[in-house]
Colleague: 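A single structure is presented below for examination.
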Amino acid sequence: MSVQLVWFKKDLRVRDHAPLHHAARRGPVLPVYIYEPEQLTHEEFAGHHLSYLNDCLNELNLRLRALGTPLVIRHGEAVAALEELREEFGVAAVWAHEETGNGVSYARDRRVRAWARARGLPLTELPQNGVIRRMTNRDGWAATWEERMAEPQTPVPERLSGVGAESGGVRSHAELGVPASDRRIPPGGQAEAHALLDSFLTVRGVNYMREMSSPVTAEESCSRLSAPLAFGTISLREVVHATRQRLAEVKGDPHADPRWVRSLRSYESRLHWHCHFMQRLESEPQMEFRNLNRALDGLREPHWNQEHFDRWAHGQTGYPMIDACMRMLRETGWLNFRMRALLVSFATQHLWLHWRDPGLFLAREWLDNEPGIHWSQMQMQSSTVGINRVRIYSPTRQAREQDSGGEFIRRWLPELADVPGDFLHTPWEWTGAGRLDYPPPIVNEQEAGRLARARISAARAAPAFEAEARRLYEKHGSRKKADRRAERKALGLPETSARPLRQTSAAHPAGKRRSPMSDQPDLFGLTPEPPKAILPAGLPESWQRALEPEFAAPYFHDLKDFLVQERREQTIFPPAADVFNALRFTPLEDVRVLILGQDPYHRPGQAHGLSFSVRPGVTVPPSLRNIYKELVADIPGFTPPRHGYLKPWAEQGILLLNAVLTVREGQANSHANKGWEHFTDAVIRAVNDRPERVVFVLWGAYARKKKKLITGPQHVVIESAHPSPLSEAKFFGSRPFSQVNAALEEAGRGAIDWQLPMKAEE
Ligand SMILES: Cc1cc2nc3c(=O)[nH]c(=O)nc-3n(C[C@H](O)[C@H](O)[C@H](O)COP(=O)(O)OP(=O)(O)OC[C@H]3O[C@@H](n4cnc5c(N)ncnc54)[C@H](O)[C@@H]3O)c2cc1C
């Protein structure tokens, strides 16, 4: 009897399990799992990991038992436990999967190998993903990944003959001395992994590409397969196969939602990254403990600040998005990629904490802790790799972009319940901030970000940095683009792009390009192109330039998708061609006055993209009638026209902007909180950035909330009640128009001629 021991570690499944398959063909099988004290007491391990692990083990035990023999579960140091099993059952060979784990499992595997050698036991470790052992550089890596993923899945043995061993069953938290956990985590096991994969590929993943970044949507729209992959209840190959099969299906189906194709493509690239980052730890295990780029050693070490770390780790930084993310993580063990990157960027750049302790803390919190991905990402987000751009993400900007309505922040920070929506991302600006049970910002994000960037740039300028960056590129850099180029050359094909290939920052260490935060690691040329900017037709160049980051930002893509869908199903005002008229008629450099409205008129034929204005031939609405009345009182000689077409004002440099640029027929404010506010805030900021005086006219409570965006001392703000009949009594007598002219003349910018032509001409 030649007993084959199959050692399960981070591969807790029977499907696509090569060691199990090969062992079963050679003799009776002894399937084993060992709880290892050095892992259970490791700083990266916590109670929720054990809860999940026990789910996985229970299910694996049932599946193995159904095949013929149970999972034998032991507790102890690996070599000692294996030796005991060898003696007890006369083990003739050991089978396992290769593991890319932390330093403890790395050392353990070496001890196990030495033990097997000393005992003359054949020990076979088989790869289970695209990570390659003993690789000295990345040449050919992508091709091997592809070969491995293209292989058929290993069949589940039809039957296992066992050795009559007892399982022993899973051990409780108390038995193993691990603190219990009350986190809300999903169940573990192979069945759960397949259920997640199915629901993602058939329903949840349709808008993955757009919805993965926002914490409001990511929980549902991401696959949530990271924990199953980390515990090995599903193989990466199986996920790749299923994704490719689904992609082929939707491509061949003319009725399939077109969003599937780009979502699935984007998803597949992430499965590639999974191994790309793990390979880095496999090839350079020391990166768990020290900077990948040794030239950056000493940069943060002397600056440790325990209080900052504690406040960050407890979600008490005073930056709502950071704190909401931390609270969610501590309760659920999961966050989407962008929010993970944001947490790390804030800790290691704004708070200038060395990445190691925040990294240990986060590894303990992530249910899906995968050391290869985790430590690579920790170093990348802390800018200690040095071959990619320095990334310092603004927590406020990310909050505005990814949670514009504040839904996520409100869910996780109940202490901000009373904060008005406009101040939710910056509660310290609210007059009621003093009454909140919430701390002021831990640092000034602009100043801290600038300081971090300056420190990193200075370190990158040292000659040792460049040499290290080159070494790292040689060892870890993707050859994907270079491989593709060589392949095309061999086939006699021209280069795919006329643009020069982007150089790594090894050549341009202090990369200057600024780009919006991306979900793609942008590392070693592995990244697909960032989303293309959506440029509305006919915008003056000055607006195009000023608003470029908005047009490329994920929220703007979401907004566009939302509007495409809305226009299919509803009547939307103004017509698509008129939505950006305010910007079209008034180039940024010409803006002298900004009059802010709330949202467009919602009755047919009225709205045409300028606040308060209606098309010629449409009855003058009540608010505009009141504006005319006030003009009569304020501007000598003003005669109200019979129309409400205000384009002549726009052409004189009055930016007639609404905060929300579209609306459903008959439903005022129906497009609030869909992303327009974020966009129009950027418009107001762009105007605020102009060096010449601009007069901002803010009528009514809604518009007045935007006052905080106007910070330039050269500007003038004129506030009053709204001209609507509901507040006309307070509006009349405010004399805004003469005040505008006085402010403009004082700055030498010339007065507005408020008189409109008696006849409107489009
Ligand atoms: C500081 C930091 C630490 C991280 N630590 C881990 C970790 O310990 N374990 C882990 O699985 N992921 C980690 N990630 C990557 C990523 O955030 C998670 O994989 C993802 O959020 C998990 O959710 P999901 O399975 O729904 O992802 P999906 O978006 O559905 O992606 C599917 C799978 O692709 C892989 N993947 C996705 N994004 C990345 C990425 N950026 N890098 C590498 N692989 C990726 C993962 O295997 C993931 O399960 C980390 C990211 C950061 C910034």
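Computed from heavy atoms alone, side chains included, the values below leave out hydrogens, waters and symmetry copies. For ligands, and for the atoms within them, numbers begin at 1 and follow the listed sequence.
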Colleague: Kindly write out the residues that satisfy side-chain hydrogen bond (donor to acceptor under 3.5 Å, both in side chains) with Glu192, not counting sequence neighbours, or none if the list is empty.
Modeller: none
Colleague: Please report the closest heavy-atom contact between Ala399 and Ile409, naming both atoms and the distance.
Modeller: CB-CD1, 4.3 Å
Colleague: Enumerate the atoms of ligand 1 whose separation from the nearest heavy atom of Leu229 is less than 4.0 angstrom.
Modeller: 47 (O), 49 (O)
Colleague: Does NZ or CZ of Arg246 fall inside the cone over Trp260's six-membered ring, less than 6.0 Å from its centre and within 45° of the axis?
Modeller: yes
Colleague: Give yes or no for whether the N/O distance cutoff of 3.5 Å, strictly under, is met between Leu225 and ligand 1.
Modeller: yes
Colleague: Please state which part of Phe200 comes within less than 4.0 Å of ligand 1, counting heavy atoms only: side chain, backbone, both or neither.
Modeller: neither
Colleague: Closer than 4.0 Å to some heavy atom of Ser223 - which atoms of ligand 1 meet that?
Modeller: 25 (O), 26 (O), 28 (P), 30 (O), 32 (C)
Colleague: Looking at Phe277, which atoms of ligand 1 are within less than 4.0 Å of one of its heavy atoms?
Modeller: 42 (N), 43 (C)
Colleague: Establish, from distance only, whether the side-chain atoms of Ser404 and His425 form a donor-acceptor pair under 3.5 Å.
Modeller: no
Colleague: If you take the nearest heavy atom of each of His374, His274, Glu220, which one is closest to atom 46 (C) of ligand 1?
Modeller: His274
Colleague: Below 4.0 angstrom, N of the basic side chain to O of the carboxylate: do Arg411 and Glu219 qualify?
Modeller: yes
Colleague: Atoms of ligand 1 less than 4.0 Å from Ile373 heavy atoms?
Modeller: 6 (C), 10 (C), 11 (O), 12 (N), 13 (C), 14 (N), 15 (C), 42 (N), 43 (C), 44 (N)
Colleague: Need the ligand 1 atom indices (1-based, order shown) with element for anything under 4.0 Å from a heavy-atom of Tyr267.
Modeller: 30 (O), 31 (O), 32 (C)
Colleague: Before accepting this row, confirm whether a basic side-chain N of the pair Arg148/Glu151 lies closer than 4.0 Å to the acidic partner's carboxylate O.
Modeller: no
Colleague: Consider ligand 1: state whether an atom of it lies below 4.0 angstrom from any non-hydrogen atom of Met212.
Modeller: no
Colleague: Taking the basic N atoms (NZ, or NE/NH1/NH2) and the acidic carboxylate oxygens, is any pair closer than 4.0 Å for Glu211 and Arg259?
Modeller: no
Colleague: Could you list which atoms of ligand 1 come closer than 4.0 Å to a heavy atom of Ser226?
Modeller: 11 (O), 22 (C), 23 (O), 25 (O), 49 (O)
Colleague: Taking only Lys NZ, Arg NE, NH1 and NH2, and the carboxylate oxygens of Asp or Glu, determine whether Arg265 and Glu268 approach each other closer than 4.0 Å.
Modeller: no
Colleague: Find all atoms of ligand 1 within a distance of less than 4.0 Å from any non-hydrogen atom belonging to Tyr208, and give their numbers and elements.
Modeller: 28 (P), 29 (O), 30 (O), 31 (O)
Colleague: Can you check whether His476 and Trp141 have ring centres sitting under 6.0 Å from each other?
Modeller: no
Colleague: Do any nitrogen or oxygen atoms of Gln381 come within less than 3.5 Å of a nitrogen or oxygen of ligand 1?
Modeller: no
Colleague: Side chain, backbone, both or neither: which applies to Val344 and ligand 1 if a contact is any heavy-atom pair less than 4.0 Å apart?
Modeller: side chain
Colleague: Hey, is Arg15 close enough to Glu238 for a salt bridge, meaning N to O under 4.0 Å?
Modeller: yes
Colleague: So how far is it from Gln379 CD to Leu292 CG, rounded to the nearest 0.5 Å?
Modeller: 4.5 Å
Colleague: Flag Asn336 as yes when one of its N or O atoms lies below 3.5 Å from any N or O atom of ligand 1, and as no otherwise.
Modeller: no
Colleague: Need the ligand 1 atom indices (1-based, order shown) with element for anything under 4.0 Å from a heavy-atom of Ala341.
Modeller: 53 (C)
Colleague: Only counting residues at least two apart or in another chain, list the ones meeting side chain to side chain contact (heavy atoms under 4.5 Å, CB included) with Glu59.
Modeller: Arg63, Gln190, Ala191
Colleague: Identify which of Glu219, Arg338, Arg340, Met378 has a heavy atom lying nearest to atom 18 (C) of ligand 1.
Modeller: Arg340
Colleague: Minimum distance, heavy atoms only, to atom 40 (C) of ligand 1: which one of Met380, Gln377, Arg270 is it?
Modeller: Gln377
Colleague: Backbone, side chain, both or neither: what part of Phe337 comes under 4.0 angstrom of ligand 1, heavy atoms only?
Modeller: both
Colleague: Tell me the contacting part of Leu335 for ligand 1: side chain, backbone, both, or neither, using a 4.0 Å heavy-atom threshold, strictly below.
Modeller: backbone
